[in-house]
Amino acid sequence: MEDREPGGHRVQIEYCTQCRWLPRAAWLAQELLGTFDRSELAEVGLKPGIGGVFVVRVDGETVWDRRQQGFPEPTAVKRAVRDRVAPGRTLGHSER
């Protein structure tokens with residue numbers, strides 16, 4: 001497990017550059033940053049990869065892997081991240 005910044009967790013989105021998935025990764029990062037506050041997320045980073053990778057990690061732990069779960073809907077990733085960084089927090093309309 002990676003070190004955490006004070007006051008929040010680190011999210012990393014690793015995406016395939018060969019597949020041109022940067023826009024998808026950036027959009028997902030924007031969704032996460034718009035949902036969680038600084039006390040919950042200290043950082044959302046994008047990590048270029050190859051070979052069809054699209055993986056979301058919280059503090060180094062994989063919470064979504066495209067190879068096993070397919071491409072995520074933002075709501076599904078928000079729930080997975082929420083369960084790690086702020087269990088019990090409501091996601092508002094995303095919960096419905």
Side-chain angles (χ1 to χ4, degrees):
M1 188 159 152
E2 296 178 17
D3 291 333
R4 281 192 351 197
E5 294 286 327
H9 298 264
R10 295 179 63 201
V11 173
Q12 177 189 76
I13 303 169
E14 185 176 3
Y15 65 94
C16 180
T17 58
Q18 297 167 316
C19 302
R20 301 175 191 255
W21 287 339
L22 172 59
R24 185 184 297 251
W27 176 63
L28 185 56
Q30 178 181 333
E31 287 288 316
L32 292 171
L33 289 167
T35 299
F36 298 97
D37 64 35
R38 187 174 173 357
S39 69
E40 296 162 333
L41 294 184
E43 175 183 354
V44 176
L46 301 177
K47 179 181 179 183
I50 59 172
V53 67
F54 198 91
V55 176
V56 180
R57 297 178 184 92
V58 176
D59 299 327
E61 181 182 345
T62 299
V63 298
W64 197 278
D65 187 335
R66 180 200 65 83
R67 287 191 178 117
Q68 296 171 352
Q69 298 158 288
F71 270 112
E73 290 296 321
T75 301
V77 174
K78 288 178 188 181
R79 284 184 193 132
V81 170
R82 185 265 324 266
D83 291 348
R84 298 293 192 297
V85 306
R89 179 192 200 281
T90 183
L91 293 176
H93 72 279
S94 294
E95 295 273 51
R96 296 183 196 131

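- A side-chain donor-acceptor contact under 3.5 Å links R82 to the backbone of R89.
- In this structure, E43 CD and R38 CZ are separated by 11.0 Å, a value rounded to the nearest 0.5 Å.
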| message | For Y15 and I50: C-alpha separation, side-chain torsions, deciding distance, then whether side-chain contact (heavy atoms from CB on, under 4.5 Å) applies. | response | CA-CA 7 Å; Y15 65 94; I50 59 172; over 6 Å; no
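- Expressed to the nearest 0.5 Å, how far CD of Q30 lies from CG of L28 amounts to 10.0 Å.
- Aromatic pair F71/W64: ring centres not closer than 6.0 Å.
- In terms of modelled atom types and a separation under 3.5 Å, the side chain of D59 and the main chain of H9 share no donor-acceptor contact.
- Note that OG1 of T35 is 9.0 Å distant from CG of L41, once rounded to the nearest 0.5 Å.
- Between atom NZ of residue K78 and atom CG of residue D83 there is a gap of 14.0 Å, rounded to the nearest 0.5 Å.
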| request: Could you walk me through whether R57 and V11 pass the side-chain contact (heavy atoms from CB on, under 4.5 Å) test, one step at a time? | output: CA-CA 6 Å; R57 297 178 184 92; V11 173; over 6 Å; no
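- A distance of 10.5 Å separates CZ in F54 from CD in E14, rounded to the nearest 0.5 Å.
- More than 12 heavy atoms of other residues, nucleotides or ligands shown are found within 6.0 angstrom of CD on Q18.
- Here the closest heavy-atom approach between residue L46 and residue A29 is recorded as CD2-CB, 4.1 Å.
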| task | Check step by step if side-chain contact (heavy atoms from CB on, under 4.5 Å) holds for R10 and V58. | result | CA-CA 6 Å; R10 295 179 63 201; V58 176; over 6 Å; no
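- Other residues, nucleotides and ligands place more than 12 heavy atoms under 6.0 Å from the CZ atom of R67.
- The two residues G51 and C16 make their nearest non-hydrogen contact at N-SG, 3.7 Å.
- Summarising the geometry of W27 relative to P74, their closest heavy-atom pair is CH2-CG, 3.1 Å, with the distance given to 0.1 Å.
- The hydrophobic cluster around V55 extends to V53, counting ILVMFWY residues whose side-chain heavy atoms fall within less than 4.5 Å of a member.
- Across A86 and E40, no two heavy atoms sit closer than the pair CB-OE2, 3.6 Å.
- For the pair R66 (side chain) and G52 (backbone), a donor-acceptor distance under 3.5 Å is present.
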